[in-house]
Protein chains: 2
Amino acid sequence: MNLIDRVKNGSSIPEVELVAKSEGVSLDMVVHGLLDGTIVIPANPLHTSLKPGGVGKGLRTKVNANLGTSSDSCDVDLELRKLRTAVDCGADAVMDLSTGGDISAIRRRLIRECPVMFGTVPIYQAGILAIDQRGTIVDMTADDMFASVESHAQDGVDFMTIHCGVTQATIERLRRQGRLTNIVSRGGAFLTGWMLHNDRENPFYEQYDRLLELARQYDFALSLGDGLRPGSIVDASDRAQFQELIILGELVQRAREAGVQVFIEGPGHVPMDQIVANVQLEKTLCQGAPFYVLGPLVTDIGAGWDHITGAIGGAMAAAAGADFLCYVTPSEHLSLPDEHDVREGVVASRIAAHAADIVKGVPGAIEWDRKMSAARKALDWAGQAELSLVPELARKGHQKTPTQEHACSMCGKYCAMAVVEQYLGAKTTTRCE
Amino acid sequence: MNLIDRVKNGSSIPEVELVAKSEGVSLDMVVHGLLDGTIVIPANPLHTSLKPGGVGKGLRTKVNANLGTSSDSCDVDLELRKLRTAVDCGADAVMDLSTGGDISAIRRRLIRECPVMFGTVPIYQAGILAIDQRGTIVDMTADDMFASVESHAQDGVDFMTIHCGVTQATIERLRRQGRLTNIVSRGGAFLTGWMLHNDRENPFYEQYDRLLELARQYDFALSLGDGLRPGSIVDASDRAQFQELIILGELVQRAREAGVQVFIEGPGHVPMDQIVANVQLEKTLCQGAPFYVLGPLVTDIGAGWDHITGAIGGAMAAAAGADFLCYVTPSEHLSLPDEHDVREGVVASRIAAHAADIVKGVPGAIEWDRKMSAARKALDWAGQAELSLVPELARKGHQKTPTQEHACSMCGKYCAMAVVEQYLGAKTTTRCE
């Protein structure tokens with residue numbers, strides 16, 4: 001029995017209890033969310049090092065960090081260090097997007113050490129195997145694609161990005177639309193190349209029931225990929241993008257009927273004034289399925305600082321109801337991220353997620369701010385460091401320039417907190433001290 | 001005659017012509033904005049190195065970088081390097097907030113080398129002089145305050161932050177409100193301490209006409225400071241904050257009647273769902289005066305990465321109509337910023353400003369994105385670097401891991417752009433190539 005079966009049958013559901021406890025919400029709320037599909041708990045029973053986490057309505061907004069080798073940069077130890085950095089900085093999930101070296105061996109090493117939800121994009125490996133064995137991606141077979149999914153499932157992958165909505169109909173909409181940057185999703189591009197060359201439908205769409213059967217059997221969650229996500233601001237929210245989303249909405253319904261957990265991936269490059277509409281349409285077209293957004297990047301020109309571009313869009317998307325933020329690192333559009341990029345990417349996304357959780361009213365969110373500001377008012381430097389996003393780094397930051405005991409080096413002895421307390425403090429009531 | 005007089009009298013206005021040209025808008029539009037107060041061009045005739053810039057409705061959203069020494073960290077050469085870094089990274093304005101060393105000498109050195117709008121907060125120097133000469137801030141005289149303003153004007157300062165809205169009535173509202181972090185504005189704290197100790201009204205409010213006369217005489221712009229800006233999320237948008245804003249609205253009206261350019265400073269720590277209201281109320285209460293926001297910071301817990309916290313709030317504020325973003329650096333709440341912090345702070349604010357300019361429809365904004373994405377699609381690395389926020393740093397980022405000619409190290413030979421072009425490229429029309 002998979003998780004949804006156990007929830008329905010009233011069997012033991014320790015994963016769900018753990019999620020409810022760690023989120024500070026009732027078990028009943030999480031159970032209800034799992035049953036109506038607005039919450040997912042991707043937890044492959046074969047991922048034995050996993051501490052399960054939940055994604056969806058009423059829960060803390062989650063952050064994913066992408067890791068993985070490429071054909072140009074393939075160092076397994078570096079990827080393991082990046083994994084530890086991501087987890088230490090507070091990532092709730094990681095995805096292994098490796099496309100270089102022994103992809104299966106890398107995945108197995110990473111998964112063994114990964115305490116958070118672990119995701120992959122199996123089409124990468126299927127495509128690369130086809131190149132290695134037959135010389136080109138387009139000679140990949142449908143069985144290759146499903147074999148890749150099954151081998152990932154057997155390794156304990158908790159959720160898989162599968163671009164089931166890249167259909168011949170979607171590609172025709174793209175063709176008629178005309179875009180500046182056609183397809184920027186790597187998985188979407190592999191499938192589109194294959195479909196156009198072979199003049200065939202997407203096997204993950206055509207044989208969707210086969211995919212659902214695998215998902216049921218191994219109990220992994222489907223992350224329905226957005227192969228048609230816009231890769232530039234001028235392409236955002238076009239007909240091709242929403243054609244794919246409409247198809248994904250149908251596939252959500254079929255996944256739920258099959259008792260398979262499912263969520264939806266979203267854009268991409270989106271101007272600020274279209275973000276709310278993107279989230280609202282995902283929620284309506286896909287019947288409240290959790291929304292997992294990449295960014296969104298609110299401008300195309302942020303290369304070198306796209307973790308910031310993504311944090312702006314991610315905060316707005318999450319505030320509008322997105323549930324899961326895929327980080328963007330400073331190296332986006334430039335190169336494979338290194339450890340520093342991973343750290344900056346995770347932290348930027350966590351800030352976006354938390355800023356949104358304050359206004360979403362997620363339990364405990366604003367209390368963190370209240371405690372931090374109380375420590376700040378008390379000029380309690382140790383307390384502030386402990387409450388910061390990455391305490392060790394906050395301590396270093398404060399020590400960068402000399403500091404007196406009762407103020408930071410920004411204001412030195414002219415600290416506003418200290419001046420006001422001297423004259424106003426005794427005469428004023430404060431809210432929470 | 002000051003700038004407004006010359007605009008009214010039809011005299012020569014080269015500053016205005018320069019602003020219209022650099023913004024790509026009509027001279028008539030800028031003139032109209034100056035006359036109705038929705039645009040300011042802070043340009044002290046004594047600031048001879050200035051290339052004038054404009055702030056306000058219909059213009060590009062501007063970015064300010066705060067510089068300056070403190071009692072704990074006082075290195076003039078470092079401040080000069082920070083000035084150059086800020087300008088090289090694209091800051092449209094700098095403020096010298098020095099409170100350590102020979103404050104006048106530092107200001108004069110910085111101004112001489114500063115090609116962008118230069119601002120200060122004269123009350124800092126008045127307060128510190130009082131401490132040096134009389135032992136305490138509260139022994140500062142009203143004449144000390146105005147003398148500081150005049151000496152800054154004589155040095156060529158283009159705009160000055162003056163906390164005219166910190167009145168006895170405002171402080172009484174603060175007292176009744178009860179706040180977690182009472183006053184976090186340093187200038188607001190100096191004045192509040194002085195007013196409470198001496199039981200007197202704020203001289204900048206009581207003798208506002210004297211301030212307007214100085215502003216007219218030297219032709220600097222007033223940046224009406226928000227001494228009561230919230231210093232924590234739980235204090236945001238309270239009665240104390242809006243009491244001050246109401247008073248500032250009255251002072252805007254008097255400044256305009258006196259032919260003095262004026263704009264308004266804004267918060268602060270503000271949750272995402274209150275940002276639009278803050279901007280809209282500033283625009284109504286202050287009759288469309290340009291809005292200059294510090295952040296806003298959308299959470300209190302971002303220490304170490306508050307440039308990101310501020311970029312999220314800044315983008316949202318600017319998209320809602322804010323005109324001028326004061327940067328926040330990674331060292332905010334921790335220490336005085338160094339050169340690296342200045343760079344990161346300016347770039348983060350520029351991203352926020354540009355993301356907003358896309359949706360504000362500022363002339364030319366989206367064209368930058370379109371060019372960048374066209375270069376990206378063409379895998380034109382040199383073109384992308386030239387179009388990036390700080391071209392030299394973008395080139396370094398791309399070279400961090402080995403890269404093939406036709407792809408970056410993220411995807412290596414499995415570049416989505418390349419795959420799709422091979423199969424889809426020839427069959428599809430694109431919008432702009």
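Letters go in sequence order (proteins before strands), and every chain restarts at 1.
For the pair A:S98 (side chain) and A:T69 (backbone), a donor-acceptor distance under 3.5 Å is present. The main-chain N or O of B:S73 is found under 3.5 Å from a side-chain atom of B:S70 such that the two form a donor-acceptor pair. Distance alone, capped at 3.5 Å, is enough to place a donor-acceptor pair between the A:W368 side chain and the A:L387 backbone. With hydrogens and angles ignored, the 3.5 Å screen pairs no side-chain donor or acceptor of A:R343 with any backbone N or O of A:D338. B:D235 contributes no side-chain N or O that, together with a main-chain N or O of B:G231, makes up a donor-acceptor pair within less than 3.5 Å.
Each of A:N66, A:V359, A:I301 has some count of heavy-atom pairs under 4.5 Å with chain B, and the biggest count is that of A:I301. For chain A, the option among B:V298, B:I233, B:I183 with the highest count of heavy-atom pairs below 4.5 Å is B:I183. Chain B forms more heavy-atom pairs under 4.5 Å with one residue of A:S388, A:A355, A:G304 than with any other, namely A:A355. No other option in A:I308, A:V390, A:T309 has as many heavy-atom pairs under 4.5 Å with chain B as A:I308. Each of A:T192, A:D273, A:V184 has some count of heavy-atom pairs under 4.5 Å with chain B, and the biggest count is that of A:D273. Of all the listed residues (A:I137, A:L297, A:V138), the one sharing the greatest number of non-hydrogen pairs under 4.5 Å with chain B is A:V138.
Heavy-atom distances place the side chain of A:A319, and not its backbone, under 4.5 Å from chain B. Only the side chain of A:I358 comes within contact range of chain B, with at least one heavy atom under 4.5 Å from a heavy atom of that chain. Heavy atoms closer than 4.5 Å to chain A are found in the side chain of B:V347, but not in its backbone. Heavy atoms of A:I131 lying under 4.5 Å from chain B belong exclusively to its side chain. At a 4.5 Å heavy-atom cutoff, B:M195 makes no contact with chain A through either its backbone or its side chain. Using a 4.5 Å cut-off between heavy atoms, A:T136 contacts chain B through its side chain alone, with no backbone atom that close. Residue contact with chain B, scored on non-hydrogen atoms closer than 4.5 Å, involves the side chain of A:Q384 exclusively. Heavy atoms closer than 4.5 Å to chain A are found in both the backbone and the side chain of B:A352. The part of B:I171 that comes within reach of chain A is its side chain, from C-beta onward, which places non-hydrogen atoms under 4.5 angstrom from that chain.
Between B:E172 and B:R176, at least one side-chain N (NZ, or NE/NH1/NH2) sits under 4.0 Å from a carboxylate O, which counts as a salt bridge.
Checking B:H354 against B:D369 by side-chain atom types alone, a donor-acceptor pair falls below 3.5 Å. Checked by atom type, the side-chain pair A:S232/A:D300 shows no donor-acceptor distance below 3.5 Å.
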Step-by-step side-chain contact (heavy atoms from CB on, under 4.5 Å) determination, A:L389 to A:I351: CA-CA 8 Å; A:L389 287 150; A:I351 289 173; 3.4 Å; yes

Test side-chain contact (heavy atoms from CB on, under 4.5 Å) applied to A:M316 and B:M272, step by step: CA-CA 8 Å; A:M316 294 183 71; B:M272 289 176 71; 4.3 Å; yes

